[in-house]
Amino acid sequence: MVPAEHALIVATILFCLGAIGVLVRRNFLFVLMAIEIMLNAAGLAFVAASGIHGQPDGQIFFLFILPVAAAEVAIGLALGVLLRLRYGTLDLWQIAQTRED
Amino acid sequence: MTLLAVIFYIAAAVAILATGAVLFARNAVNAVLYLLVSLFGVALMMYSLGGAFVAILEIIVYAGAIVVLFLFVIMMLNIARIEQHKDLQPPTRPQLLVPVILALVLMADLGIAIYAAAAGVSSGKTITVTAIGETLYRQHYLGVELASLVLLIGLIGALHLGSAAWFTHQKEANQDGTC
């Protein structure tokens, strides 16, 4: 049996890597991927908690994270296509400095 | 240290390495493929923590749907051609070696998992699909309704943004005088 702390530590490391990705990367697609990593790490923590207590509720919360992640990535990628068409780039810093009005 | 713990630690190492590679990848397609390896690693971790059903769902929904959606958009936007001219060159040796090694390690890990399942090793707290379904539809049925609403909103939002993108594209095409 895996110690509970180790599972939670791994989930924390993955979440921190995702947060670093959101802060560091400039490309919109990479930011979306980092957000996916963070959601995934949260799901792993829920499943680990479910394993610790032997109850199915943690896994059910992972089932609720899944549609949130799917809807988020669908809207995010549609936004990415729109950004690419409107500004000609996916570089978030460049887009933030461009004011079109 | 049981067999399931071995599976967990190997999968954790692979997942963390692959996630790090996602952050530092220069090519979007490489990053998506590393993300795929990371998701498989997390799925194996979930399996070793007693969640066989959620591990399958992780592979089907994350690796099967979300990653493929990323690949579609990358192909559609043709990012490789626009932002990274270097990507047109064939990949170098280390670029190929790292993902191959990570995937081989994961495959060996899966082999251990299959061996453990055949030998009848279980964590003792494996949650069955029946238990999940019972709890989901008896206690959390409101959550199921909310999840369906979230998916509906996602569908409408993606459709709206997609049609906005289409109109923008048409307007630009008209201004260019190509039509």
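Quick note on labels: first sequence line is chain A, next is B, and so on, each numbered from 1.
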Margin query: I'd like to know whether CZ of A:F61 has more than 12 heavy-atom contacts from other residues, nucleotides or ligands below 6.0 angstrom.
Written below: no

Note to self: Can you tell me which portion of B:V67 sits under 4.5 Å from chain A's heavy atoms? Options are side chain, backbone, both or neither.
What the structure shows: neither

Next item on the list: Might you point out which heavy atoms bring A:A42 and A:I65 nearest each other, and give the distance in Å?
Entry: C-CD1, 4.2 Å

Margin query: Taking every non-hydrogen pair under 4.5 Å, which of B:I66, B:L69, B:V150 racks up the most with chain A?
Written below: B:I66

Item checked: Region of A:I60 in contact with chain B, defined by heavy-atom distances below 4.5 Å -> side chain

Check: chain A: which of B:A12, B:G143, B:A164 shares the most heavy-atom pairs with it under 4.5 Å?
Finding: B:G143

Check: Is there a donor-acceptor contact under 3.5 Å from the side chain of B:S38 to the main chain of B:Y34?
Finding: no

Next item on the list: May I ask you to name which of A:L83, A:L63, A:I20 has the most heavy-atom pairs under 4.5 Å with chain B?
Entry: A:L63

Notebook entry, point to check: Looking at A:A71, A:A11, A:A7, which has the largest count of heavy-atom pairs under 4.5 Å with chain B?
Noted result: A:A7

Next item on the list: For residues A:F62 and A:F46, establish whether the separation of their ring centroids is below 6.0 Å.
Entry: no

Note to self: At a 4.5 Å cut-off on heavy atoms, which part of A:I75 comes close to chain B: side chain, backbone, both, or neither?
What the structure shows: both

Checklist line | Under 4.5 Å from any heavy atom of chain A - which part of B:A65 | finding: neither

Note to self: Just checking A:F28: does its CZ atom have more than 12 heavy atoms from other residues, nucleotides or ligands closer to it than 6.0 angstrom?
What the structure shows: yes

Next item on the list: Flag the pair A:S50 / B:I127 as yes when at least one side-chain heavy-atom distance between them is below 4.5 Å, and no otherwise.
Entry: yes

Notebook entry, point to check: How close do A:Q59 and B:G50 get, heavy atom to heavy atom, and via which atoms?
Noted result: NE2-O, 3.6 Å

Notebook entry, point to check: Are B:L49 and A:I52 close enough that some pair of their side-chain heavy atoms sits under 4.5 Å apart?
Noted result: no

Note to self: Minimum heavy-atom separation for B:A116 and B:I7, please, with both atom names.
What the structure shows: CB-CD1, 4.5 Å

Next item on the list: Could you tell me which portion of B:Q139 (side chain, backbone, both or neither) has an atom closer than 4.5 angstrom to a non-hydrogen atom of chain A?
Entry: side chain

Check: Can you find a pair of side-chain heavy atoms, one from B:F70 and one from A:M33, that are under 4.5 Å apart?
Finding: yes

Check: Of all of B:G157, B:S148, B:A31, which one pairs up most often with chain A through heavy atoms under 4.5 Å apart?
Finding: B:A31

Notebook entry, point to check: Between A:L32, A:L79, A:N40, which residue shows the highest count of heavy-atom pairs closer than 4.5 Å to chain B?
Noted result: A:N40

Notebook entry, point to check: Which bit of B:F24 is near chain A, if near means a heavy-atom gap under 4.5 Å: side chain, backbone, both or neither?
Noted result: backbone

Check: What part of B:L136 is in contact with chain A, defined as an atom under 4.5 angstrom from a non-hydrogen atom: side chain, backbone, both or neither?
Finding: both

Next item on the list: Would you mind telling me which of A:I13, A:L77, A:V24, A:D57 has the largest number of heavy-atom pairs within less than 4.5 Å of chain B?
Entry: A:L77

Check: Which answer fits B:L155, side chain, backbone, both or neither, if we ask what part of it has an atom under 4.5 Å from a heavy atom of chain A?
Finding: neither

Margin query: Does any backbone or side-chain atom of A:Q55 lie under 4.5 Å from a heavy atom of chain B? Answer side chain, backbone, both or neither.
Written below: backbone

Notebook entry, point to check: Is there a side-chain contact between B:D109 and B:V14, using heavy atoms and a 4.5 Å cut-off?
Noted result: no

Checklist line | Option in A:A34, A:A4, A:A69 with maximal non-hydrogen atom pairs under 4.5 Å from chain B | finding: A:A69

Note to self: Under 4.5 Å from any heavy atom of chain A, what part of B:V54 do you find: side chain, backbone, both or neither?
What the structure shows: both

